[in-house]
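Take a look at the structure below.
Reminder, nothing fancy here: chain letters follow the sequence lines and each chain counts from 1.
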Amino acid sequence: MMNDSTINNGLRFFFLAVLQIFLLKQISWGFGGKEYLFIFLYPLFIMMLPIQMIRHLVVLAGFAIGFTVDLFYETLGINAAAATLSAFLRPLALRASSPREGYNIKHHPTVNDLGWSWYFRYAAWFLGIHLLLFFSIQAFTFYFWTDILLKTFFSFVASYALMALLVLIFNPKN
Amino acid sequence: MSKIKATIFQGGSVITMIVLEMLCFYLIINFNSEQQRIWLETVTVYTGGVNERVDGVNSYIGLRATVDSLQQRLADIKSATEGVYVAKAAEVDSVRDDSLRQRFVYLTAEVVNKSPYGPNNTTIINRGKMDGIEIGQGVVADQGLLGIVTAVSGEHARVMSLLHRDTRLSAGLKNSYFGTLRWDGDDPRNMTLYDLKSYVEVNPGDTIYTTGYSSIFPTGLAIGTVSATEKLAGTGNWRIGVKLLADPLRMRYVFVIKDLFKEDISILMENDER
């Protein structure tokens, strides 16, 4: 059953993976000999999966994009683990940013359907959770928790802004 | 809180998530060196004690094989050390291509049976005719001598220990004066060296070696050290107490020494007798 939404999500998978792998992988910034700023836009794919989508599939889709990115980042399993977990926790972000009247069955998680203020809250929650998970898993220990928090903060600011720009430019309908 | 819980767990994708996460962490640990290092260190910290114990048990289980292989290696090394070669270089010009020929080879063996301790001690080893053991071959352990083969069956051989009243062993000092080593049946730590001329200087602490004037032991194997000296009245010989380097009663892993020249030499001996 290939409807518009399925095709769009498939295209987003491809587009965001390519963007992440070939462009954003090059970008990093830091100080004191350490890299603190990385840009991750592929979580947008998980964010924009249909709200009503079966959760098993959401989790699998999260794993798929994370694993794809990992293959090219040569960090096998790290992005996949973070993406799987944040895909699993997506309902938390959806609920935290839920509009006053709740989601209705026709809503797509887009600016078009739910508005910018909703988008900014949702993206903040989802991206925050994802990046915190990612850098924690990457460090693989909470011993360097200051590093984890710094990386999460800087990467969050940059990724958040670029992600909004991307959504503004393409303004997807579903 | 319960609302958050409900939000997370409704729809029941927990199993999918857990399975995928396990896969992810498997990948992380196996394909990322930094994370692997942290993982291994953590594992080591928490399981170190257990591992140590398991390791201890395992090494005990594997001890047998380890000892066997070490014995084999030792036999190889002993078969290749200088003492087992005899100098064949003649004092002529010409080629010296076989200046050293191997005379003795070592074969690993294990003590499988011992006679009850008494004045005539014998030992059974687990090598026999099948392994090329013959009567008259010497048996040594890593640290000292055990004895001489006196009987051979298919798979086993009986060794007359140094601690046997019939043992007569040619032994001497580094300066090649020699006598006969015997055991008087008393103290398993000490033997006695007879027939060494009393004009030879002997000091307590000197090492007594095999002489190699027989086909039993190679030249220069250390047997023991001089513990007491006494001039035997009326013979012109020393009576020297020799403290053994190793206790023949406690040897377990041993080597049988085979003399490759034995036949060659015995031909001459027979000719001599005629």
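Under a cut-off of 6.0 angstrom, the local environment of OH in A:Y73 is crowded, with over 12 non-hydrogen atoms contributed by other residues, nucleotides or ligands. No more than 12 heavy atoms of other residues, nucleotides or ligands lie within 6.0 Å of CZ in A:F153, so this atom counts as exposed by the packing criterion. Within 6.0 Å of the CH2 atom in A:W116, the count of heavy atoms belonging to other residues, nucleotides or ligands exceeds 12. Under a cut-off of 6.0 angstrom, the local environment of OH in B:Y26 is sparse, with at most 12 non-hydrogen atoms contributed by other residues, nucleotides or ligands.
Looking at A:A139, the atoms closer than 4.5 Å to chain B (heavy atoms on both sides) all sit in the backbone: N, CA, C or O. Looking at B:I29, the atoms closer than 4.5 Å to chain A (heavy atoms on both sides) all sit in the side chain, from C-beta outward. Using a 4.5 Å cut-off between heavy atoms, B:V14 contacts chain A through both its backbone and its side chain. With a 4.5 angstrom heavy-atom cutoff, A:I78 touches chain B via backbone and side-chain atoms both. A:Y143 does not touch chain B: none of its heavy atoms, backbone or side chain, sits under 4.5 Å away.
Counting only heavy atoms from C-beta outward, the side chains of A:L76 and B:I28 never approach each other to under 4.5 Å. Within the 4.5 Å cutoff, no side-chain heavy atoms of A:V58 are placed close to those of B:S13.
To the nearest 0.5 angstrom, A:F88 atom CZ is 9.5 Å from B:E21 atom CD. To the nearest 0.5 Å, the span separating NZ on B:K5 from CG on A:L92 amounts to 13.0 Å. Interatomic distance, CZ of A:F144 versus CD1 of B:I38, reported as 7.0 Å (0.5 Å rounding).
A donor-acceptor pair under 3.5 Å is formed between the side chain of B:Q35 and the backbone N or O of A:Q138.
Ranked by non-hydrogen atom pairs under 4.5 Å with chain B, the options A:L57, A:I54, A:T75, A:L94 are led by A:T75. Options A:D70, A:L60, A:L85 differ in how many heavy-atom pairs under 4.5 Å they form with chain B, and the most are formed by A:L85. Between chain A and the options B:N30, B:I15, B:N32, B:T42, the largest number of non-hydrogen pairs under 4.5 Å is found for B:N32.
A donor-acceptor contact closer than 3.5 angstrom links the side chains of B:T16 and A:H56.
Closest approach of B:C24 to A:T84, counting heavy atoms only: SG-OG1, 4.1 Å.
In this structure, B:W39 and A:F140 have perpendicular ring planes: the angle between them is above 60°, well past the 30° mark.
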